[in-house]
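Hydrogens, waters and symmetry mates play no part in the numbers below; they use all other heavy atoms, side chains included. Convention: sequence-line order gives letters A, B, ...; per-chain numbering from 1.
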Amino acid sequence: MPTPMKVRDFREIERAWQQAWDKAGVFTAERDDNRPKYYVLEMFPYPSGKIHMGHVRNYTMGDVIARYRMACGYNVLHPMGWDAFGMPAENAAMENGIHPGAWTRRNIEDMRNQLKPLGLSIDWSREFATCDPEYYGQQQAMFIEMLEMGLVCRKSALVNWDPVDMTVLANEQVVDGKGWRSGAEVERRTLTQWFFRISEFSEELLAAIDGLDGWPEKVRLMQRNWIGKSRGLEIDFDIVAGAGKQKSIKVYTTRPDTLHGANFVAISADHPLAGVLAESSAEIAAYLDECRRTAVSEAALEAIEKTGIDTGLKVRHPLLPDEALPVWIANFILHDYGTGAIFGCPAHDQRDLDFSRKYGLPVIDVFVAPESCKVVEDIAFVPPKNVKVRYLRRVAGEEIQTGEEAVNAAIDRCERAGLGRGVVRYRLRDWGISRQRYWGCPIPAVHCEACGTVPEKKENLPVVLPQDVSFEQPGNPLDRHAEWKSVPCPKCGRPAERETETMDTFVDSSWYFARFTAPHAKTPTSMEDAEYWMNVDQYIGGVEHAILHLLYSRFFARAMNIIGHLPKKAIEPFDAMFTQGMVTHEIYMTRDAKGRPLHHFPDEVEFSDDGAMLKSTGEPVEVIPSAKMAKSKKNVINPLDLIDRFGADTARWYIISDSPPERDVEWTNAGVEAASKHLQRMQRMAAEFADDQRSGDEAADAALLAATHRTISEVTSGIDRFAFNKSVAELYKLVNFIARSEAGGESKRDAFRVVARLMAPITPHLAEEIWSMLGCNGFVADAGWPEANPDLLQDELVTMPIQVNGKRRSEIQVPRGTAGDEIKRLVLEDAAVARYLAGSQPRKLIVVPERIVNVVF
RNA sequence: GCCCGAGUGGCGGAAUUGGUAGACGCAGGGGACUCAAAAUCCCCCGACGAUGAGUCGUGCGAGUUCGAGUCUCGCCUCGGGCACCA
C-alpha cells in the first residue's frame, strides 16, 4: 500500500481556492466582442444584515448556472449589489436610534462578509447599493427625462392614514385595520402623488408576454391576469330626480348581456356623486365616514363585510325606460376600476346576490342552463362565459347562446341604439411612486409658488438625502428639514420648496440589472456595454416577485429605451426567468403588554416537551406554521453556523440536492451531515485513485466509461432544465458506481476527472482540489464542460415490462431495435402471460417500441 | 373574496412526450471490521400478507384511455400575490 496522499481540511481548501480565483481574476467580467456573453442575475438582496437560507439557495443556484455557462465557453457576467433603500432601516432608526444610512452600510458590510465564504463566482468589482448617490442620482436623471417624455404624472391617490402617528402607513403596517405602532383605526386619505404612466403600456406589456418563451407559464399567466384586459360596455344610467348637476351615472360592465337582471346601481364611497349626496344627508355623510375607516388594500376591502346605503336617488334603466333602479353607495365598489360604479345583477353574481338578499332587493333571472328552468335562490348562477345558456330576458342575440356571444351581441345593440359604447379596459393602474419617507431616492422636483411643480435642474443632481435627521417624531423627517427643503426654483430662481417625497423602492430595483452592465458610468448606462451584455440571459428569484417587480422592470426597460438608455432589444430585459421556491420556516410570536404581536428569531427560541419558549425569559412562544422567511416575521435562520462547521461546499451541495429548485423548502438540519460525509468520501477516493496503478478488466473499464457518459448527459440536462437535485442524484450514482467498479486506476482517474468537472458548478472548491489531486493543471473552472459521447449512451438490451390488462405482470429483455412482431411472439411465450391468458386469445396486443407491452383480453 | 401554484413511503424527493410508481439521499433495521466505540464497508427498507402468491397504493370523488402521479371535471388542505414589505 503506498502512502495515502495528504487530504486537506475544507477550511484550508476553501480559503486556498478562493484566494487563487481572486488572484487570477477568473470572475471579472470584461466586454469581449469576440466571445458570446451570458448574463446570469439573481435578484439582489435587501441588506437586512444577515444572510439566510433563501439567499444561500438563490445565489448557489445562480452560481451553478454561471459556472456551468463559463465552463461551456461563455463570457459570463454575474454581478451582485444591494437593494438598500426601504422601511426596515427607518424602523431600526426609530427603535435603536441608529441612522438608516449607517445601519444599511453596516448591514451591507456584514452581508458581504457572509456571502464571500460561499465562493460565488461574482464579479465584485461591479458591486453597488441603490442608496449610493451615484446610483440614485442617475435614477433622478431618468425621472426628469421620463417627466419630459410624458411618462410621469401627478394625480390623487388613496393612502392609509394613521391619525395618531400622523403618518402614512404601508399596507403591511396595517394590522386588522389598525396602525401597527399606534393601534389607532386607520383612515383612508387622498393625497396628490407622483405616478409612472405604466397603464399607457397595458396593451404592449400584455402582448409582449407571448414572446417571453423563457418564462414560467404561471408567471406569464399571473402577469396577464394582473394587466386584466377586458372588453365591456360603458353605459349611462340617467338620474330620474334630484342630484344637483349630475344627470347620469356612467357604469362599466363586462356582462352587458345581464342588463335585464339589474336591480340596483351602486357607486363607490369615493365616487364624486357620493360626496355631493353627503352634503345634504347626514346619514350618507356618516356612512362615507365609516367607509373611510378601512385600509386601502384590495384584500382588506374584499375581506370586510359588504355593506351599503340607499341614497334615495333613482336612475332609469337604459333598456327599460319605465323601470327605475335605486342608487346605493357600497363599500365593495373599487373606485379605481372601471368607472367606480356598477349595476347589480344578483342572479348572476354572488356578491350582488348576497347584497340584494341582505337589503331585500329583488332577484331577476336573466338566463338558465339550456335544459333547466331552475331559478336562482341562494347561489348565483355563474357559468363560464364559453358555455351555452338559455336567455329568459335577452338584450340581443339567440335565445340559446354562450355568455361571450351574448356580451358581444349586447354591446353591438347598445352601440347601434346609441345607449353606450364598447370599450376595452385594463385592470392595471398607474404606478404610484410617492412615499412619505426618508430612506429612499428623493424625487427631484421643486414646488414653486409662481411656477408650480417643476423638475430639478440636471446639473443639480444628485439631490442627496440630508444626513442630519431624527426619527424621534413620527412622519417624514424630510418634511421637517427646513434647510434641506429650501431651494431656489430651478425655473425662476425665487425661493421654493423641495419635494419631500421619495420614490417607491420598486423603482430602485426596476433598472439595477441595466446598471450592472456599466456600474461606474456617468450616465445611467453606457450604450456600448448595454448593447453587449443585455439582456439578462437567466434571471433567478423568488416567485413572490412574479408580478410587481417583473412588471415594473418590463415597464422601466421600455421607458429607458424611450429616453435613450437601453437598446430596443432590451425592452424585455429578462430572456429567461426562473422562480425559485421560497425557504420557509415556522414563525415564533409572543405578545407585548398591549397584546400586540412580537416576533422572535428561531435562535431565540428553545424547544422542550412542553412546547416552545423564549431562551431569555422562559415565556411561552406561539408557533405559527411555516411561511415565507421574512425580516418582519423574524422567521429567518442563520446559515453561517452551517458554513463554519461543514464548509461552503457542503452547504451548497445540501441546499442544491435537497429540494427541486422551484419548490418551497422547509429548512431542517437533516441531510447536511450526509452531504459532508459524501464530499469527504470523494476526497478519500481521489487520494486513493491518484496513485492507483492497477489495470482493470476490459469489461469493467467499458462499463465505467459508459456510466460516466450517461452521467455527463444526465447532469447536463439536469442543469439545463433547473433540475439540480437530479444532477446531484446522478453524481451520487456515479460515485457509488466508481466505488464498486473493478476498473483500472487510469479508468477511475478519468472518470473522477469528469466527476470533478461535473460537480464544479455546485461544489467549486472541492472540485478544484480533486482536479489538482488527480494531477491536472490549471483551474477546473477553466477546464471546460465534458461532452457525452452519444454512442455510449444506449444499452444493447432493452427491458420491456409486460402488462396484462394494464397491470404489470412480467418483463422481457430484448436487443434494442427488435421488431414488433418478434416482441409479440416473445410476449405470448412468456410464462406469466400464458398463466393470465389461461388459453384464451388476447383481444389486443399493444407494443410501444422500447417502452412497454400491454396484453388486453 | 379574487388571481397563481403545490399535495407521491417515516422524511426530502424521482418518474423528460399518457407507458415498470418510489431513482438518489436521509432516517430506521440487520451484518462485517474492532477488545469496544467512532469512522468505514455490505445487505434490507410503501402498506397488507408469511420472507411466497397476491391485493392495495401518488390529498379526496368522478371521468377519458389498452394503460393516468401525469389529461378532464368537481372538491379538500397548504403556500404565494392582491398595487406602500422587499
C1' gap between B:C3 and B:A14, integer Å: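 Here B:C3 and B:A14 have their C1' atoms 31 Å from each other.
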
Separation of the P atoms in B:C45 and B:C24, to the nearest angstrom: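 Their P atoms lie roughly 12 Å apart.
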
Under 4.0 Å between a side-chain nitrogen and a carboxylate oxygen: does that hold for [X] and [Y]?
X        : Y        : answer
A:Glu499 : A:Arg154 : yes
A:Asp430 : A:Arg197 : no
A:Asp270 : A:Arg188 : yes
A:Arg816 : A:Glu850 : yes
A:Arg224 : A:Glu217 : yes
A:Glu662 : A:Lys218 : no

Under 4.0 angstrom, heavy atoms only, what part of the nucleic acid is [X] near: base, sugar-phosphate, or nothing?
X        : result
A:Arg684 : sugar-phosphate
A:Trp431 : nothing
A:Gln193 : base
A:Val219 : nothing
A:His549 : nothing
A:Val168 : base
A:Leu428 : base
A:Phe506 : base
A:Gly432 : sugar-phosphate
A:Ala674 : sugar-phosphate

Anti/syn call for B:G67, syn if |chi| within 90°: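 Anti, angle beyond 90° from zero.
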
Residue mapping more 5' on RNA chain B - nearest nucleotide basis, A:Ala303 or A:Asp504: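 Its nearest nucleotide lies further toward 5', so the answer is A:Ala303.
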
Pairwise 5' ranking along RNA chain B for A:Val855 and A:Met87, keeping only the more 5' one: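 Going by which nucleotide is closer to the 5' end, it is A:Val855.
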
Take atom [atom1] of [X] and atom [atom2] of [N], then tell me their distance rounded to the nearest Å.
X        : N     : atom1 : atom2 : result
A:Ile547 : B:C82 : CD1   : C1'   : 7 Å
A:Gln223 : B:G5  : CD    : P     : 14 Å
A:Leu550 : B:G81 : CG    : P     : 14 Å
A:Ile227 : B:C4  : CD1   : P     : 14 Å
A:Asp352 : B:G1  : CG    : P     : 17 Å
A:Leu353 : B:G1  : CG    : C1'   : 15 Å
A:Met685 : B:A39 : CE    : P     : 19 Å
A:Leu301 : B:A83 : CG    : P     : 10 Å

Pairs involving residues 84-93 of chain A, ordered by first then second residue, that meet salt bridge (charged side-chain N to carboxylate O under 4.0 Å, His left out) (sequence neighbours left out):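 Matches after skipping sequence neighbours: none remain.
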
Contact state string [nucleotides 48-57 of chain B, B base, S sugar-phosphate only, - no protein heavy atom under 4.0 Å]: ------SSS-

Footprint string (nucleotides 9-24 of chain B, 5' to 3'): B base within contact, S backbone only, - free, heavy atoms under 4.0 Å: ---SSSSB--BB--BS

Between the protein and nucleotides 68-73 of chain B, list the N/O to N/O atom pairs that are separated by less than 3.5 angstrom.
none

Those residues that, when tested against [X], pass side chain to side chain contact (heavy atoms under 4.5 Å, CB included) (two or more places apart):
X        : answer
A:His545 : A:Met43, A:His549
A:Ser202 : A:Ser199, A:Ile227, A:Tyr426, A:Leu428
A:Ile379 : A:Gln350

Ring pair (Phe, Tyr, Trp, His ring centres under 6.0 Å) partners of A:His678, counting only residues at least two apart: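 Here the qualifying residues are A:Trp653, A:Tyr732.
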
Partner set under ring pair (Phe, Tyr, Trp, His ring centres under 6.0 Å) for A:Tyr136, not counting sequence neighbours: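 Result, ring pair (Phe, Tyr, Trp, His ring centres under 6.0 Å) vs A:Tyr136: A:Phe85.
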
Main-chain N/O of A:Pro47 paired with A:Asn107 side-chain donor or acceptor, under 3.5 Å: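 Flag set: sc A:Asn107 to bb A:Pro47 pair under 3.5 Å.
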
Give me, pair by pair, the N or O atoms of the protein and of nucleotides 42-45 of chain B that are less than 3.5 Å apart, along with how far apart they are.
unit_1 : atom_1 : unit_2   : atom_2 : d
B:C42  : OP1    : A:Arg740 : NE     : 3.3

Under the 3.5 Å Watson-Crick or G-U criterion, the dot-bracket string of RNA chain B, with | for inter-strand pairs: (((((((..(((......[....))).(((((.......))))).(((.....)))..(((((..]....))))))))))))....

Under-4.0 Å side-chain N/O to phosphate OP1/OP2 contact, A:Lys218 with B:G5: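 Looking at the OP1 and OP2 atoms of B:G5, neither is under 4.0 Å from any side-chain N or O of A:Lys218.
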
Face-on cation placement of A:Arg220 at A:Trp215 ring, 6.0 Å and 45° thresholds: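 No, A:Arg220 and A:Trp215 do not form such a contact.
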
Check against ring pair (Phe, Tyr, Trp, His ring centres under 6.0 Å), A:Tyr135 and A:Tyr512: CA-CA 9 Å; A:Tyr135 182 79; A:Tyr512 75 108; 8.1 Å; no

Aromatic ring proximity, centroids under 6.0 angstrom, A:Phe355 and A:Phe332: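 Aromatic pair counts; centres sit under 6.0 Å.
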
All salt bridge (charged side-chain N to carboxylate O under 4.0 Å, His left out) counterparts of A:Asp649, not counting sequence neighbours: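 Result, salt bridge (charged side-chain N to carboxylate O under 4.0 Å, His left out) vs A:Asp649: none returned.
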
Exercise: do A:Asn331 and A:Thr307 side chains pair donor with acceptor under 3.5 Å: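 Short answer, yes.
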
